[in-house]
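Report on one structure; see the data block that follows.
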Amino acid sequence: MKSLIRSLCAGVLAAVLGVAAAASPAYGRSTASITLTTPYPSVVVEPGSQVSLDLKVKASPSGRVELDVDAPKGWRTSLRGGGFVVSSVHAGSTEVTLDVNVPADAKGKNKVTVTAKGPGGQRAQLPLTLSVRGGGSGSIGLEAEFAKLTGKPTDTFNYSVTLRNGTAKKTTYALQVQGPAGWNVSANPSAQSQATTVTVDGGATETISVTADPPDNVTAGAYPIRLGVSGGGQNAAIDLAAEISGTGEVELTTKDERLNASGTSGDRTRIPIVITNKGTAPVNGVKLSSSPPSGWEVTFEPETVNVEPQKQVEATAIITPSGDAVAGDYMVTLRAESDGQTATTDIRYTVETSKWWGLLGILLIAAVAAGLWQVFRVYGRR
């Protein structure tokens, strides 16, 4: 009987110990966990830029968590926390910052994965997507803030152009600029007004200043200016434009530049005149008129002219003194008018005694002489 009781007690004890052994592992499997989160898992970046993303690491129970970053080839990454570059954290709930340097020749969508490993072998992964805007060309580019400017012939045109080095290498570029004939044009880095080359880091930009000074007598119109850069086996160019808003400037004078004329009363005198446009824009519909003495007549052939910039047109002023004008000097004002502009010139006109009056005087003298001769001939014999 005693042996039977011992056997039953041993079996019960073995059963209790077996249940306890089976229950113990269940507590360890149910408590350990790690999570990785960020508020911005997908971002758009520029080639050659650096982006920083905030990450939160949670571990339960708290302990040391190893961190690792997997990025595309050529991409540089680092994790920062507490002012240090880190590779692990002691996490209950901890924040770190992921810095990603985007290559200058990057393009398309790129995946960066952060992995966290806990002390009990637990893992968490956070995939991030970085979409590169406008990347992948690996080329250089030029962009003007204002490619077309408007001004007067006396103005100087200043352009600001951004040179972007889309390659991964630091490169020195030569600057070339071409402008219209007679213009003074130059291109220099904004930081050095006398340099003709500029060095740009990979993925960076520099500002180029382009200056164009037209001649003062340039005519109205649009004028092209071309800036080119070359370096590192690549070339780029941009077209700029200067719009000259010109004005006309009318001048009136005689063809031989003499300001006097003469004639007899009632007779017509033709005086060649010249209308000159010294401005930079055409002058159309120039009307010719005059202010003569009372009773005089002045006409023009033609009465209206059109004059291109820096050109001249000839016309004729026909002056006819009144029939009763006595001999002497008179002033005749000639005028050219267009769009509020007026140019004048004064002609001193001398009215001369008619040659017929001289001939008549000679005839009268001859008649008087003949009469006296006849008187002496008839009465002298007595």
Side-chain angles (χ1 to χ4, degrees), residues 150-155 157 180-183 213-223 242-359:
T150 301
K152 301 186 293 295
T154 54
D155 292 338
F157 296 82
W183 288 51
D213 186 15
D216 291 342
N217 62 348
V218 65
T219 59
Y223 293 85
E243 181 77 27
I244 301 293
S245 56
T247 58
E249 183 181 346
V250 178
E251 183 181 87
L252 175 65
T253 186
T254 60
K255 185 175 182 179
D256 57 7
E257 297 187 353
R258 294 177 56 186
L259 300 179
N260 63 325
S262 61
T264 58
S265 58
D267 287 342
R268 299 170 59 184
T269 301
R270 300 175 67 89
I271 301 176
I273 59 176
V274 175
I275 303 93
T276 303
N277 180 5
K278 290 189 173 182
T280 57
V283 180
N284 298 319
V286 181
K287 185 178 180 180
L288 302 176
S289 61
S290 66
S291 296
S294 178
W296 289 42
E297 181 184 51
V298 179
T299 59
F300 296 91
E301 295 179 352
E303 295 183 351
T304 304
V305 297
N306 301 323
V307 192
E308 294 298 317
Q310 303 300 311
K311 301 292 183 181
Q312 57 182 215
V313 174
E314 295 184 6
T316 301
I318 305 171
I319 301 177
T320 306
S322 61
D324 57 357
V326 298
D329 291 337
Y330 297 82
M331 192 65 67
V332 179
T333 299
L334 306 182
R335 187 179 299 106
E337 298 176 284
S338 175
D339 294 332
Q341 291 191 65
T342 302
T344 62
T345 188
D346 293 327
I347 303 295
R348 188 180 69 182
Y349 193 95
T350 301
V351 176
E352 300 172 339
T353 303
S354 173
K355 61 182 180 181
W356 297 109
W357 286 108
L359 180 59

How long is the gap from [atom1] on [X] to [atom2] on [Y], to the nearest 0.5 Å?
X      : Y      : atom1 : atom2 : result
Trp183 : Phe157 : CH2   : CZ    : 5.5 Å
Asn306 : Asn284 : CG    : CG    : 4.5 Å
Thr345 : Ile275 : OG1   : CD1   : 11.0 Å
Tyr330 : Arg348 : OH    : CZ    : 14.0 Å
Thr350 : Asp329 : OG1   : CG    : 3.5 Å
Arg268 : Glu297 : CZ    : CD    : 8.0 Å

| request: Walk me through it: do Thr219 and Ile244 pass the test side-chain contact (heavy atoms from CB on, under 4.5 Å)? | output: CA-CA 7 Å; Thr219 59; Ile244 301 293; over 6 Å; no
Does any N or O in the side chain of [X] come within less than 3.5 Å of the main-chain N or O of [Y], such that one atom is a donor and the other an acceptor?
X      : Y      : answer
Glu352 : Gly263 : no
Gln310 : Gly279 : yes
Asn277 : Glu249 : yes
Thr253 : Glu257 : no
Gln341 : Gly248 : yes

| message | Run the side-chain contact (heavy atoms from CB on, under 4.5 Å) test on Val274 and Lys255 for me, step by step, so that the C-alpha distance in whole Å, both residues' side-chain angles and the decisive distance to 0.1 Å come before the verdict. | response | CA-CA 5 Å; Val274 175; Lys255 185 175 182 179; 4.0 Å; yes
| request: Apply side-chain contact (heavy atoms from CB on, under 4.5 Å) to the pair Ile319 and Ile271, showing each step before the final yes or no. | output: CA-CA 8 Å; Ile319 301 177; Ile271 301 176; 3.4 Å; yes
Closest heavy-atom pair and its distance - [X], [Y]:
X      : Y      : answer
Pro321 : Thr264 : CG-O, 3.7 Å
Gly323 : Ser265 : O-OG, 3.4 Å
Val286 : Ala336 : CG1-CB, 3.8 Å
Thr304 : Lys287 : OG1-CA, 4.4 Å
Leu334 : Ala317 : CD1-CB, 4.0 Å
Pro214 : Val218 : CB-CG1, 4.0 Å

| request: Can you establish whether the number of heavy atoms outside Arg258 located under 6.0 Å from its atom CZ is more than 12? | output: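 Counting neighbours around CZ of Arg258, 12 or fewer heavy atoms of other residues, nucleotides or ligands fall under 6.0 Å, so no.
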| task | For atom CG of Asp339, decide whether the heavy atoms of other residues, nucleotides or ligands shown that lie under 6.0 angstrom number more than 12. | result |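 No, CG of Asp339 has 12 or fewer neighbouring heavy atoms, counting only those of other groups under 6.0 Å.
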| For the side chain to side chain contact (heavy atoms under 4.5 Å, CB included) test, which of Thr276, Val307, Ile273 pairs with Val313? |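 So the option named by the test is Val307.
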| message | Taking side-chain contact (heavy atoms from CB on, under 4.5 Å) as the definition, give me every residue that meets it alongside Pro292, ordered by chain and number, with sequence neighbours left out. | response |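 side-chain contact (heavy atoms from CB on, under 4.5 Å) check on Pro292 returns Ser290, Trp296, Val298, Val332.
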| Minimum side-chain heavy-atom gap Leu288-Glu303 below 4.5 Å |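 The answer is no, as the side chains (C-beta and beyond) never meet within the 4.5 Å cut-off.
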| task | State, with a plain yes or no, whether a side-chain heavy atom of Arg335 is found less than 4.5 Å away from one of Ser291. | result |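 A side-chain contact under 4.5 Å exists here.
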